[in-house]
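Below you'll find the structure, written out as structure tokens, and then a few comments.
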Amino acid sequence: MRVKEMHPLCCITLESPSIGDGSPEPTLLRTGSAVNFSAIGSDVNADVSSTSVAGILYKWTNYGKGWRSRWFTLRNNGVLSYSKTRRPDAPPGNDVVLIGSVVSGRRSGRKPGKSVGIVHLKISSFRESKSDDRRFYIFTATKTLHLRTNTKRERVGWIQALISAGSLRPQNGSIPHLTRDLSISTERLKKRLIEEGIGEGLVKDCEQIMLSEFSGIQGQFQLLCEDRSNLLDTLRQLEAANIEAEVSGVNDGEYQLMKNEYMNLARGKYSEQSTTESSDDIEKQEFEEASDEEAEIHFFDTMESFSEPDLGSGSTGFQRRKKLPDPIEKEKGVSLWSMIKDNIGKDLTRVCLPVYFNEPISSLQKCFEDLEYSYLLDQAYEHGKAGNSLLRILNVAAFAVSGYASSEGRHCKPFNPLLGETYEADYPDKGIRFFSEKVSHHPTLIACHCEGKGWKFWCDTNIKSKFWGRSIQLDPVGTLNLEFDDGEIFQWSKVTTSIYNLILGNIYCDHHGTMQIQGNRQHSCKVKFKEQSILDRNPHQVHGFVEDVSGKKVAQIFGKWDDSIYYINGEGNINSKDRSEASLLWKRNKPPPDLTRYNLTSFAITMNELTPGLKEKLPRTDSRLRPDQRHLENGEYDKANVEKLRLETRQRMSRKMQEHGWKPRWFEKDGEGTFRYVGGYWEARQQGKWDECPNIFGEITQDLITSLEDS
């Protein structure tokens with residue numbers, strides 16, 4: 001049926017096989033009652049509150065795949081969704097206006113797909129392309145959609161429909177980012193008061209009053225920035241909620257409820273546009289920033305506007321590196337099975353495996369990697385200080401889980417430190433100082449100590465391994481300790497890690513078991529890491545609960561150890577309704593753009609870096625000065641293997657050194673048998689006094705051999 005009064009941008013009839021500018025004059029198709037549109041360029045006159053709009057738009061994905069057709073559906077509640085396959089047009093009883101051709105050129109018979117993208121128009125903006133009359137852009141809080149229609153008329157129709165359905169606003173220039181750093185100068189005020197003959201003492205009093213008032217305003221502004229940041233996190237969760245709904249098995253009705261809950265939050269707290277690009281620069285950078293991997297579940301449109309803080313700015317005066325050095329040599333692959341079969345019946349601890357199986361960091365540095373999300377402990381300290389002990393332990397639990405995120409895709413082992421080897425990490429931008437030392441060779445023990453903003457963290461750990469043929473099971477031994485300045489202490493142990501498919505197949509790791517986080521005051525927490533099964537489509541799941549001293553459950557947490565953690569207050573089964581009301585505790589940082597086979601995180605890439613002036617301040621025992629590890633990082637594989645063999649020969653002397661009274665330099669055992677930091681390292685570093693630090697990476701001399709034999 002044709003509608004007498006046609007919208008000029010309406011749709012090509014279903015019988016039309018062609019797409020593009022050469023198509024017949026478009027007509028309006030509908031599934032319900034007629035919808036009345038006015039002429040080109042004017043507002044939509046129809047009552048869109050009971051109308052949905054649907055059709056095919058072309059979305060820029062990447063240089064490899066270019067423009068790809070997507071089925072877009074605009075609901076009357078201002079929600080625009082898109083998917084790779086056509087979905088049901090609208091709920092029963094609602095009209096659907098189809099814009100453009102409904103023939104996409106794809107094979108028919110495919111099942112309707114889940115939405116792979118959602119845009120909330122009430123908090124978005126748009127801009128039409130100046131160079132192409134078929135293209136336009138939609139800006140959300142976290143991404144930019146680059147869209148193209150078949151004809152200019154279709155673009156006008158989509159723009160009018162978007163404006164009417166979601167109050168979508170044109171973008172009139174770039175939106176400045178809010179900064180948390182406010183400053184004020186009192187020079188002009190002081191100068192003016194002095195010109196009026198005011199005494200210096202009174203001028204200083206006025207200055208102090210003004211600074212005091214400004215300090216109060218600055219505090220309120222910081223809270224506003226926090227609210228804004230939290231809301232943007234909520235929006236990002238919303239845009240990814242459809243992905244989580246699919247992998248979590250949430251049905252469509254429950255999923256819609258989740259979207260509505262988030263929408264209500266956004267409508268109540270957020271009213272300004274947020275974009276990542278200037279409208280003047282979009283034409284130049286649009287293809288650089290768009291990204292769409294053709295995966296059915298994992299779907300990303302553009303680089304998110306959120307990025308982790310610069311890991312080297314601030315008081316350090318330099319920027320830490322973003323990637324590892326380019327390798328000097330071409331690496332030669334080595335079969336693990338070839339190494340094992342040639343040493344059957346031998347003590348594998350005495351077999352020098354090539355550096356191919358290592359990553360360019362040591363186990364001492366690996367300990368520091370657990371502190372990547374130390375801001376969670378900063379938040380825990382502040383919550384406890386404000387009297388909210390529940391949020392304190394929730395942040396501690398999120399921190400305990402976050403340490404596993406970096407293990408995803410990491411198949412190489414860190415270097416085993418030499419006895420007495422150390423590692424320091426001073427990160428002023430994160431507000432932490434970390435130090436670790438290998439304190440025992442048999443058994444292998446690594447002790448560490450870290451100080452942050454209102455807290456300190458320490459542990460000594462060992463790993464017991466079991467080889468099952470095709471897999472290795474790693475059971476951590478030791479307790480992790482966290483103490484806040486107000487005296488509250490939390491303790492927990494790590495769960496089991498298993499590495500699978502060592503001989504055949506794709507190697508992967510999984511973490512499983514129960515983590516008990518014990519507190520000495522009001523709350524404790526139990527977190528279960530679900531073991532991955534062969535047919536598990538939703539791996540890496542964690543869930544747990546917080547209970548008070550009476551044993552009552554007061555909160556629950558859930559999520560994935562390689563992605564994010566959420567919480568809800570009270571008891572419950574963590575069903576779909578509860579999930580819609582959940583709050584985000586932690587989100588994993590984005591991976592670096594230049595991934596290597598090591599799959600190091602952006603944080604791990606910085607740990608072995610010798611920043612300007614650092615080498616001269618380090619003791620000879622620091623992991624950054626270990627030659628085989630440095631050669632591996634530089635891609636000098638032959639040199640790395642030679643040095644590794646030499647140092648492992650030296651390492652075998654460590655047991656005899658330990659048997660004859662060797663003791664660690666910076667740690668001692670306390671009354672409970674735990675190695676605790678005794679202090680003095682940072683003071684010695686400041687003075688450059690490293691006389692008592694041996695040259696553990698030096699050559700094996702005859703004097704060293706003789707001294708060991710004599711002892």
What pair of heavy atoms forms the shortest contact from [X] to [Y], and how long is it?
{"X": "Pro476", "Y": "Thr496", "value": "CD-CA, 4.3 Å"}
{"X": "Val439", "Y": "Phe667", "value": "CG1-CB, 4.0 Å"}
{"X": "Arg321", "Y": "Thr606", "value": "O-CG2, 3.7 Å"}
{"X": "Ala400", "Y": "Met515", "value": "CB-SD, 3.6 Å"}
{"X": "Ser436", "Y": "Phe434", "value": "OG-CE2, 3.5 Å"}
{"X": "Ile432", "Y": "Gly452", "value": "CG2-CA, 4.0 Å"}

In Å and rounded to the nearest 0.5 Å, what is the [atom1] to [atom2] distance from [X] to [Y]?
{"X": "Thr444", "Y": "Ile463", "atom1": "OG1", "atom2": "CD1", "result": "9.5 Å"}
{"X": "Asn695", "Y": "Arg620", "atom1": "CG", "atom2": "CZ", "result": "4.5 Å"}
{"X": "Gln491", "Y": "Asn481", "atom1": "CD", "atom2": "CG", "result": "4.5 Å"}
{"X": "Ser498", "Y": "Gln473", "atom1": "OG", "atom2": "CD", "result": "5.0 Å"}
{"X": "Gln379", "Y": "Lys453", "atom1": "CD", "atom2": "NZ", "result": "10.5 Å"}
{"X": "Cys509", "Y": "Ile472", "atom1": "SG", "atom2": "CD1", "result": "12.0 Å"}

Do the side chains of [Y] and [X] get nearer than 4.5 Å, heavy atoms only?
{"X": "Asp378", "Y": "Trp455", "answer": "yes"}
{"X": "Val396", "Y": "Cys525", "answer": "no"}
{"X": "Glu424", "Y": "Lys617", "answer": "no"}
{"X": "Arg392", "Y": "Phe484", "answer": "yes"}
{"X": "Thr497", "Y": "Ser407", "answer": "no"}
{"X": "Thr621", "Y": "Trp690", "answer": "no"}
{"X": "Pro325", "Y": "Glu633", "answer": "yes"}
{"X": "Gln516", "Y": "Ser524", "answer": "no"}

Any donor-acceptor pair under 3.5 Å from [X] side chain to [Y] backbone:
{"X": "Gln365", "Y": "Ser362", "value": "yes"}
{"X": "Arg646", "Y": "Phe697", "value": "yes"}
{"X": "Thr601", "Y": "Ala604", "value": "yes"}
{"X": "Arg630", "Y": "Arg624", "value": "yes"}
{"X": "Arg650", "Y": "Ile696", "value": "yes"}
{"X": "Asp594", "Y": "Lys323", "value": "no"}
{"X": "Lys430", "Y": "Glu372", "value": "yes"}
{"X": "Lys644", "Y": "Val355", "value": "no"}
{"X": "Asn358", "Y": "Lys413", "value": "yes"}
{"X": "Asp485", "Y": "Tyr381", "value": "no"}

Centre of Tyr356's six-membered ring, under 6.0 Å away, within 45 degrees of the axis: is that where NZ or CZ of Arg597 sits?
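Relative to the ring axis of Tyr356, which defines the angle, Arg597 lies inside both limits.
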Is it true that the side chains of Tyr427 and Ser374 contain a donor and an acceptor less than 3.5 Å apart?
no
Across all chains, not counting sequence neighbours, the side-chain contact (heavy atoms from CB on, under 4.5 Å) partners of His442 are Arg655
Those residues at least two apart in sequence (or on a different chain) that pass side-chain contact (heavy atoms from CB on, under 4.5 Å) with Pro443 are Ser440, Asn462
As a quick check of understanding, evaluate side-chain contact (heavy atoms from CB on, under 4.5 Å) for Leu418 and His441, giving each step before the final call.
CA-CA 8 Å; Leu418 276 63; His441 184 60; over 6 Å; no
Give a yes or no on whether a salt bridge exists between [X] and [Y], defined as a side-chain N under 4.0 angstrom from a carboxylate O.
{"X": "Arg685", "Y": "Asp622", "value": "no"}
{"X": "Glu408", "Y": "Lys560", "value": "no"}
{"X": "Asp628", "Y": "Arg626", "value": "yes"}
{"X": "Lys494", "Y": "Asp370", "value": "yes"}
{"X": "Lys656", "Y": "Glu659", "value": "no"}
{"X": "Arg320", "Y": "Glu609", "value": "no"}

Can you check whether [X] and [Y] have ring centres sitting under 6.0 Å from each other?
{"X": "Tyr373", "Y": "Trp586", "answer": "yes"}
{"X": "Trp458", "Y": "Phe435", "answer": "no"}
{"X": "Phe603", "Y": "Phe368", "answer": "yes"}

Go through the steps for Asn395 and Leu585 under the test side-chain contact (heavy atoms from CB on, under 4.5 Å), then give the verdict.
CA-CA 7 Å; Asn395 276 269; Leu585 279 170; 4.2 Å; yes
Pair listing, side chain to side chain donor-acceptor pair (under 3.5 Å) test, anchored in residues 661-676, at least two apart:
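Those involving residues 661-676 are Arg665-Glu692.
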Could you please spell out the steps behind the side-chain contact (heavy atoms from CB on, under 4.5 Å) verdict for Phe457 and Cys448?
CA-CA 8 Å; Phe457 170 86; Cys448 72; 4.2 Å; yes
More than 12 non-hydrogen atoms from neighbouring residues, nucleotides or ligands closer than 6.0 Å to CD on Gln687, yes or no?
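Atom CD in Gln687 is packed in, count exceeds 12.
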When you look at Trp561 and Val495, which way does the side-chain contact (heavy atoms from CB on, under 4.5 Å) test go after all the steps?
CA-CA 12 Å; Trp561 53 258; Val495 297; over 6 Å; no
According to the interplanar angle, ranging from 0 to 90°, do the rings of Phe399 and Trp492 count as parallel (below 30°), tilted (30 to 60°) or perpendicular (above 60°)?
perpendicular
